[in-house]
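For reference, the structure is listed below as structure tokens.
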2 protein chains.
Amino acid sequence: MSSAETAYAMSTKTKLRLWLRLLKVTRSVENDIREKLRVEFDSTLPRFDVLAALYQFPKGLRMSELSGLLKVSNGNVTGIVDRLVKDGLIIRTPVPGDRRALRVRLTKRGEEEFALQAAAHEQWIDDLLSDVSMNEAENMISSFDRILVELHGTKSEEA
Amino acid sequence: MSSAETAYAMSTKTKLRLWLRLLKVTRSVENDIREKLRVEFDSTLPRFDVLAALYQFPKGLRMSELSGLLKVSNGNVTGIVDRLVKDGLIIRTPVPGDRRALRVRLTKRGEEEFALQAAAHEQWIDDLLSDVSMNEAENMISSFDRILVELHGTKSEEA
DNA sequence: CAAAAATATTTTAAGCTTGAAATATAATAA
DNA sequence: TTATTATATTTCAAGCTTAAAATATTTTTG
């Protein structure tokens, strides 16, 4: 094996290790947040994600915009939206001029409820990552931003 | 607002940003791997995770050891194991001396099949993270290791 | 205009996930 | 020994997730 091959193999193993750590950290934090949403707000992570997306778009989003933003399937969003509508946190309204489409937006109650959840969520994350220094966080953020460009770049090159 | 409060708020926002990037990268890679497992091996991430755990323990694991290792619920593992058994990749054997317990291990076929999947998986990760330098990867790994200590430390202190 | 293609959304089938309840067995205590 | 408590696992109900099929509507094309 040449030294180039050796270096390549090392890098492969290191990347695999990186991925496994990334996964472990993410799952650990996710499990924590999931549990807290369940206990403190009787809610779930997918519901939180939908509310968070709609909170950013007060005028609402079409179902397809919502699923595109969250990077989940259309059919998936349908079910979550159904339940949020039933709970009175969001509403579906027709889109004038296109009878196929529906716009979804937060109700007053949904907005108030999400504001509470978002504040708690921010604090949970601050606590969970309390050990991370500002400097370290910023370094990781820029690493991730470059990785994300690569991940999406690869994808769009394929298309 | 004092300058201490300002710094605190900045750090909170930075950590939230870090968490959102972490989540985005992880989900993006996961979606990619999930798709590849589906197309190339007609399998899923949870199945891969179970096989990977069993591959490390040739003598097998009890159901509860398996769910503990994977950090998922007991009932969850039951279903995944059911399907893997049906596909002939793993087997359940009784534990001598304890008729409540079952040990699960890979079959010959399961071992061979997982070896193929693991090799492909390693390559997929290498490709997806091709933009990450060795140095960067190692820095992130040590950051994550410290974060993981914190995450688990917090948990065990609570208990 | 009428047929065909495209778009927006929902439904469906199968699998994943959880917490809680149910079973079965084992260990402990009275 | 028998009742109680603990442990190992499965079952259950509810919700999340996907890809593919089905509906409904709009746009494009012939």
Side-chain angles (χ1 to χ4, degrees), chain A residues 26-28 30-51 53 60-87 89-90 92-104, chain B residues 23 26-28 30-51 53 60-87 89-104:
Chain A
T26 303
R27 285 182 181 172
S28 176
E30 268 190 339
N31 284 342
D32 241 275
I33 299 295
R34 193 192 312 283
E35 169 77 2
K36 288 199 162 85
L37 279 175
R38 186 177 68 82
V39 171
E40 297 190 21
F41 294 105
D42 190 26
S43 192
T44 67
L45 221 29
R47 287 166 62 104
F48 182 84
D49 289 343
V50 166
L51 296 179
L61 291 167
R62 291 178 177 215
M63 290 300 284
S64 49
E65 291 172 325
L66 190 50
S67 62
L69 214 58
L70 299 176
K71 300 244 184 64
V72 299
S73 66
N74 259 334
N76 183 2
V77 172
T78 298
I80 299 166
V81 164
D82 281 348
R83 286 178 284 274
L84 288 171
V85 167
K86 191 152 61 73
D87 293 348
L89 299 180
I90 67 181
R92 275 190 254 238
T93 55
V95 172
D98 190 343
R99 285 186 298 177
R100 294 168 304 181
L102 290 169
R103 193 180 302 288
V104 180
Chain B
L23 204 52
T26 302
R27 284 183 181 172
S28 177
E30 268 190 338
N31 284 341
D32 241 274
I33 299 295
R34 194 191 313 284
E35 169 76 2
K36 289 200 162 85
L37 279 175
R38 186 178 67 83
V39 172
E40 298 189 22
F41 294 104
D42 189 27
S43 192
T44 66
L45 220 31
R47 287 166 60 104
F48 181 84
D49 288 344
V50 167
L51 296 180
L61 291 168
R62 291 177 176 216
M63 292 298 285
S64 48
E65 290 173 326
L66 189 50
S67 63
L69 214 57
L70 300 176
K71 300 244 184 64
V72 299
S73 66
N74 260 333
N76 183 1
V77 172
T78 298
I80 299 167
V81 163
D82 281 348
R83 287 178 283 274
L84 288 170
V85 167
K86 189 151 62 73
D87 293 349
L89 300 180
I90 67 180
I91 47 172
R92 275 192 253 237
T93 54
V95 172
D98 189 342
R99 286 186 297 176
R100 293 168 304 181
L102 290 170
R103 193 179 302 288
V104 181

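Being a predicted model, the structure only gives us computed values, none of them experimental. Reminder, nothing fancy here: chain letters follow the sequence lines and each chain counts from 1.
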Please determine whether salt bridge (Lys or Arg N to Asp or Glu O under 4.0 Å) holds for the pair Arg83(A) and Asp87(A), giving the CA-CA distance in whole Å, both sets of side-chain angles, and the decisive distance to 0.1 Å.
CA-CA 6 Å; Arg83(A) 286 178 284 274; Asp87(A) 293 348; over 6 Å; no
Roughly how far apart are [X] [atom1] and [Y] [atom2], rounded to 0.5 Å?
X	Y	atom1	atom2	value
Leu70(A)	Ile80(A)	CG	CD1	8.0 Å
Thr78(A)	Met63(A)	OG1	CE	4.0 Å
Ile33(A)	Glu40(A)	CD1	CD	10.0 Å
Asp49(B)	Leu69(B)	CG	CG	10.5 Å
Arg34(B)	Thr44(B)	CZ	OG1	8.5 Å

I want to confirm an ordering. Mapping Arg34(A) and Val95(A) to their closest nucleotides on DNA chain C, which one lands closer to the 5' end?
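That would be Val95(A).
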Determine, step by step, whether Leu37(A) and Arg47(A) satisfy the side-chain contact (heavy atoms from CB on, under 4.5 Å) criterion, reporting the C-alpha distance in whole Å, the side-chain angles of both residues, the deciding distance to 0.1 Å, and the verdict.
CA-CA 10 Å; Leu37(A) 279 175; Arg47(A) 287 166 62 104; over 6 Å; no
For a 4.5 angstrom cut-off between non-hydrogen side-chain atoms, does Leu84(A) reach Val104(A)?
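Answer no - side chains too far apart.
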Considering only heavy atoms, which members of residues 63-83 of chain B lie under 4.0 Å from some atom of DNA chain D?
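Listed by number, they are Met63(B), Ser64(B), Asn74(B), Gly75(B), Thr78(B).
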Can you sort out which residues in residues 37-45 of chain A have a heavy atom within less than 4.0 Å of DNA chain D? Ascending by number, please.
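Those residues are Thr44(A).
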What pairs with Glu65(B) under side chain to side chain donor-acceptor pair (under 3.5 Å), at least two apart in sequence or on another chain?
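Residues passing side chain to side chain donor-acceptor pair (under 3.5 Å) with Glu65(B): none at all.
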Checking Arg100(B) now: which residues fulfil side chain to side chain donor-acceptor pair (under 3.5 Å) with it, not counting sequence neighbours?
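Scan of Arg100(B) (side chain to side chain donor-acceptor pair (under 3.5 Å), adjacent residues dropped) gives Asp98(B).
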Hey, does the side chain of Ser67(B) reach the backbone of Ser64(B) with a donor-acceptor pair shorter than 3.5 angstrom?
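Between the backbone of Ser64(B) and the side chain of Ser67(B) there is a qualifying donor-acceptor contact (under 3.5 Å).
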Using a strict cut-off of less than 4.0 Å between a Lys/Arg side-chain nitrogen and an Asp/Glu carboxylate oxygen, indicate whether Arg27(A) and Glu30(A) qualify as a salt bridge.
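No salt bridge links Arg27(A) with Glu30(A).
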How long is the line joining [atom1] of [X] and [atom2] of [N], in whole Å?
X	N	atom1	atom2	result
Leu84(B)	dG15(C)	CG	C1'	12 Å
Arg100(A)	dA5(C)	CZ	P	17 Å
Leu102(B)	dT23(C)	CG	C1'	13 Å

What is the nucleic acid contact for [X], judged by heavy atoms within less than 4.0 Å: base, sugar-phosphate only, or nothing?
X	result
Arg103(B)	nothing
Glu35(A)	sugar-phosphate
Arg92(B)	sugar-phosphate

Under 3.5 Å for both distances, Watson-Crick or G-U wobble, that's the pair rule; now give the dot-bracket for DNA chain D, with | marking pairs to another strand and [ ] for crossing ones.
||||||||||||||||||||||||||||||
Contact boundaries on DNA chain D for chain A, cut-off under 4.0 Å to non-hydrogen atoms:
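It runs dG15(D) to dT26(D).
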Heavy atoms only: give me the nearest Leu102(B)-Pro94(B) pair and the separation to one decimal.
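Nearest pair, atom of Leu102(B) first, then Pro94(B): CD2-CA, 4.2 Å.
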